[in-house]
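Reminder, nothing fancy here: chain letters follow the sequence lines and each chain counts from 1.
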Amino acid sequence: MPIRLYNSLTRRLDELRPLEPGKVTMYHCGPTVYSSPHIGNFRSFLFADVLRRFVEDQGYQVTQVMNVTDVGHLTNDDIESGEDKMEAASKKTGRTAWEIAKQYEDEFHECQRLLHVRMPHHMPRATDFIAQMGVIIDDLLAKGVAYQVDNGDVYFEIAKFPDYGKLSGKVIDELEDGARVAVNEKKKDPRDFALWKTDHKHQMQWDAPFRSGLRGFPGWHIECSAMSSHYLGHQIDIHTGGEDNMFPHHECEIAQSEAHTHKQFVSIWMHARHLLVDNKKMSKSLGNFFTVQDVLKKGYTGLELRFALVRGHYRQQLNFTLKGLDEARAAIARVQQCRQRLVRIRLGHESAGAADLTAATAQADAKFTATMQEDLNVSEALGVVFEFASECNRAQPTASSCQQALRFFARVEDVLACFGQEPMAVEDGAPAELQALLQQRQDAKKKKDWVAADAVRDQIARAGWKIVDTPQGARLEKV
RNA sequence: GGUCCCGUAGCCGAGUGGUUAGGCAACGGAUUGCAAAUCCGUUUACCCCAGUUCGAUUCUGGGCGGGACCUCCA
């Protein structure tokens, strides 16, 4: 069965058919490093991560590139006063744009780690690709699809690229009601977008690679064309981003890349819906704005946050709440509890039964694959996982069945990474002093001294462990 | 104003033209000294109105409500 993915370009589910059999190239529009990454950013990046993991799970060799935008992302692309976000952050803080970029890039990587993201193979910075951008700009000028205005700015000329609008479906009439289209007098068409901005005062400035003497910095869109072609070639299989990237960013990428190469830039465009918080768009003014660190400071783990952000279908708005994180915690515990028991039976710490889970495991595995193949239906796939966990809990399985079931859970973890590693058998992990306390409690229980027994239980709980009583006796589990 | 998406039980969230999604929460039961975990059972579903159909939550049209993009945002 093929993987089918919703392609924003064709507006239907398309089969993933890599240009090179067995290999898949992916490009993801990454962070603009001018502020701390927030949970909405990571909804998109975790979607990309799950996509990569599942495609790899299906046997493809994936090459994944995610850019770091550290220059050129204007606060407004069309207005002359549009300011580079890095520059704006610099003015606000009194630190250099380079320092700011470094700080937030590091913070971004830290968040990736905390959220169990499989690192992309390449995470290039825009500032390291000025020369490559220059080559493309030069070519676009030579081809006559870009033009330079008197102050040196270079713009891509939309009129020379009839396909402009094919991704977003935007057919912009110049005098659209309600849309705030500011007119830059220098541009031939308001939709024309900047490839190069001439600015001698900009902190981050380079000699225009296509014409010396013109100090300035690149436009935002051109970096993605330069970096994706550098690492992945002129044509790539999948390109992702948040829904807001579709227009104008991706539309512009298509225009400049395809005008440059005359080849179809991307086979499948995928866009993640934005995250809502308390059913509202996340914004600082509403007080519902969370960075990744904000959430972790509240005592939630990266895994719990990952679960909460990944569990909904990527093309559906997902409502994030703190309560949702509590639910995530409970849901994760349910699966880990189940795996814990399977591990114990496999190792002989708990008695095995006669139930054969082979068929149930194979069925869950096949269902998991099928739901994920259909446009990454994570919600339904999680349903399969939970149902299977219940099935395991109900059964008194054989040791080898446990082994099989655990392999399935390991696969789920490899793809979704939202439950955690396979739990250890608890005997392997409990410190000796806690084991001694456990024995004390057993003694107290024997004497029916419930007060003493409960006191010991509380003491163990404070150490981060809990007592599990079973018909076979009591044992410790890490909370 | 233009383009588009959504409206499912207390909450979150899949899916389907006729058969239990799932998670969390709540309640009852089993188990337990009491808990925890686990199992069994239960509760309130498909926004409204028309239409198509033997039958619609699922398709079509209209209405109401929420959201997104068109401006920086993942």
- Query: Among A:His121, A:His28, A:His122, whose side chain to side chain donor-acceptor pair (under 3.5 Å) with A:Gln64 holds?
  - Reply: A:His28
- Taking any strand in view, what nucleotide pairs with B:G18 in a Watson-Crick or G-U wobble way, both distances under 3.5 Å? B:C54
- Of A:Phe47, A:Phe320, A:Phe108, the one forming a ring-ring contact (aromatic ring centres under 6.0 Å, His included) with A:Phe42 is A:Phe108
- Item | Residue pair A:Thr25, A:Asp237: steps toward the side-chain hydrogen bond (donor to acceptor under 3.5 Å, both in side chains) verdict | CA-CA 5 Å; A:Thr25 50; A:Asp237 296 309; 3.2 Å; yes
- Query: Tell me, for nucleotides 31-36 of chain B in 5' to 3' order, what letter each nucleotide earns: B for a base near a protein heavy atom under 4.0 Å, S for only sugar-phosphate near one, - for neither?
  - Reply: --BBBB
- Within this structure, what is the CD-to-P distance between A:Glu251 and B:U71, rounded to whole angstrom? 13 Å
- State whether A:Asn279 places a side-chain N or O below 4.0 Å from either non-bridging phosphate oxygen (OP1 or OP2) of B:G7. no
- Partner nucleotide, any strand, of B:G41 [Watson-Crick/G-U, under 3.5 Å]: B:C27
- Between P of B:C12 and NE2 of A:His313, the distance in whole Å: 19 Å
- For nucleotides B:A37 and B:C24, find the distance between their P atoms and express it as a whole number of Å. 10 Å
- Nearest-angstrom distance, P atom, B:A14 to B:G7: 9 Å
- Spacing of A:Gln336 atom CD relative to B:G23 atom P, expressed in whole Å: 16 Å
- Message: Nearest whole Å is fine: how far is B:A74 C1' from A:Met270 CE?
- Response: 14 Å
- Task: Consider the side chain of A:Ser44, meaning its heavy atoms from C-beta on, and name the nucleotide among B:G67, B:A74, B:G15 that approaches it most closely.
- Result: B:A74
- Side-chain atoms of A:Ala330 come closest, of B:G13, B:C69, B:C24, to B:C24
- Task: Just compare B:A74, B:G22, B:G67 and give me whichever is closest to any side-chain atom of A:Glu387.
- Result: B:G22
- Pairwise P distance, B:U58 and B:G51 [rounded to whole Å]: 14 Å
- Query: Using purine N1 to pyrimidine N3 plus N6-O4 or O6-N4 for Watson-Crick, or N1-O2 and O6-N3 for G-U wobble, each under 3.5 Å, what pairs with B:A35?
  - Reply: none
- Query: Checking salt bridge (charged side-chain N to carboxylate O under 4.0 Å, His left out) for the pair A:Arg118/A:Asp414: CA distance, chi angles, key distance, verdict?
  - Reply: CA-CA 10 Å; A:Arg118 198 170 279 176; A:Asp414 188 55; 2.8 Å; yes
- Task: Take atom P in B:G23 and the same atom in B:G66, then report the distance between them in whole Å.
- Result: 32 Å
- Using 30° and 60° as the class limits, which term best fits the ring planes of A:Phe386 and A:Phe419: parallel, tilted or perpendicular? perpendicular
- Query: What nucleotide, of B:G67, B:A74, B:A14, holds the atom closest to the side chain of A:Tyr34?
  - Reply: B:A74
- Task: Scan A:Ser390 against the nucleic acid and name what it touches under 4.0 Å (heavy atoms): base, sugar-phosphate only, or nothing.
- Result: sugar-phosphate
- For A:His239 and B:A74, what is the distance between atoms NE2 and P respectively, to the nearest whole Å? 13 Å
- Is the distance from OP1 or OP2 of B:A14 to the nearest side-chain N or O of A:Lys367 less than 4.0 Å? no
- Query: Is the distance from OP1 or OP2 of B:U38 to the nearest side-chain N or O of A:Asn393 less than 4.0 Å?
  - Reply: no
- Message: What's the gap between B:G29 and B:U43 when it is taken at their C1' atoms, as a whole Å value?
- Response: 15 Å
- Rounded to the Å, how far apart are A:Leu275 CG and B:C12 P? 13 Å
- Message: Out of the candidates A:His109, A:Met66, A:Glu105, only one should pair with A:Pro31 under the side chain to side chain contact (heavy atoms under 4.5 Å, CB included) rule; please name it.
- Response: A:Met66
- Looking only at side-chain atoms of A:Glu380, point me to the closest of B:G15, B:A74, B:G67. B:G15
- Answer yes or no on whether A:Arg315 is positioned over the face of A:Tyr6, meaning its NZ or CZ is under 6.0 Å from the six-membered ring centre and within 45° of the axis. yes
- Mind checking A:Ala272 for me? I need base, sugar-phosphate or nothing, with any heavy atom below 4.0 Å counting as a touch. nothing
- Message: On the nucleotide B:G23, are OP1 or OP2 found under 4.0 Å from the side-chain N or O atoms that A:Arg334 carries?
- Response: yes
- Item | Atom-pair distance (CG on A:Leu167; C1' on B:C4), nearest Å | 13 Å
- Message: Partner lookup for B:A68, please. Criteria are Watson-Crick or G-U wobble with both distances under 3.5 angstrom; report none if nothing qualifies.
- Response: B:U3
- Task: Take atom C1' in B:U32 and the same atom in B:G65, then report the distance between them in whole Å.
- Result: 49 Å
- Message: I want to know whether A:Tyr231 and A:Phe129 have ring centres closer than 6.0 Å.
- Response: yes
- Message: Should the side chain of A:Glu327 and the base of B:G23 be counted as holding a donor-acceptor pair, with the cut-off at 3.5 Å?
- Response: yes
- Message: The side chain of A:His38 is closest to which nucleotide in this list: B:A21, B:C69, B:A74?
- Response: B:A74
- Show the numbers, then the answer: is there a salt bridge (charged side-chain N to carboxylate O under 4.0 Å, His left out) between A:Asp189 and A:Arg191? CA-CA 5 Å; A:Asp189 183 305; A:Arg191 297 169 296 169; 3.1 Å; yes
- Message: Within the 4.0 Å heavy-atom criterion, would you say A:Gly324 contacts the bases, only the backbone, or no part of the nucleic acid?
- Response: nothing
- Query: Choosing from B:A74, B:A68, B:C6, which nucleotide comes nearest the side chain of A:Met282?
  - Reply: B:A74
- Nearest-nucleotide 5' precedence on RNA chain B, A:Arg394 against A:Ser35: A:Arg394
- Sticking with atom C1', work out how far B:C69 lies from B:G41, rounded to a whole angstrom. 47 Å
- Pick base, sugar-phosphate or nothing for A:Leu318, based on heavy-atom distances below 4.0 Å to the nucleic acid. sugar-phosphate
- Query: Does A:Gly30 or A:Ala389 map to a spot on RNA chain B nearer the 5' end, using the closest nucleotide for each?
  - Reply: A:Ala389
- Message: Would you say A:Asn377 places a side-chain N or O within less than 4.0 Å of OP1 or OP2 belonging to B:G15?
- Response: yes
- Rounded to whole angstroms, how far apart are NZ on A:Lys323 and C1' on B:A25? 6 Å
- Query: Roughly how far apart, to the nearest Å, are B:C46 and B:C39 at atom P?
  - Reply: 29 Å
- Do A:Leu115 and A:Phe45 have side chains that get closer than 4.5 Å, going by heavy atoms? no
- Query: Do A:Asp84 and A:Lys197 sit within salt-bridge range, that is, some charged N less than 4.0 Å from a carboxylate O?
  - Reply: no
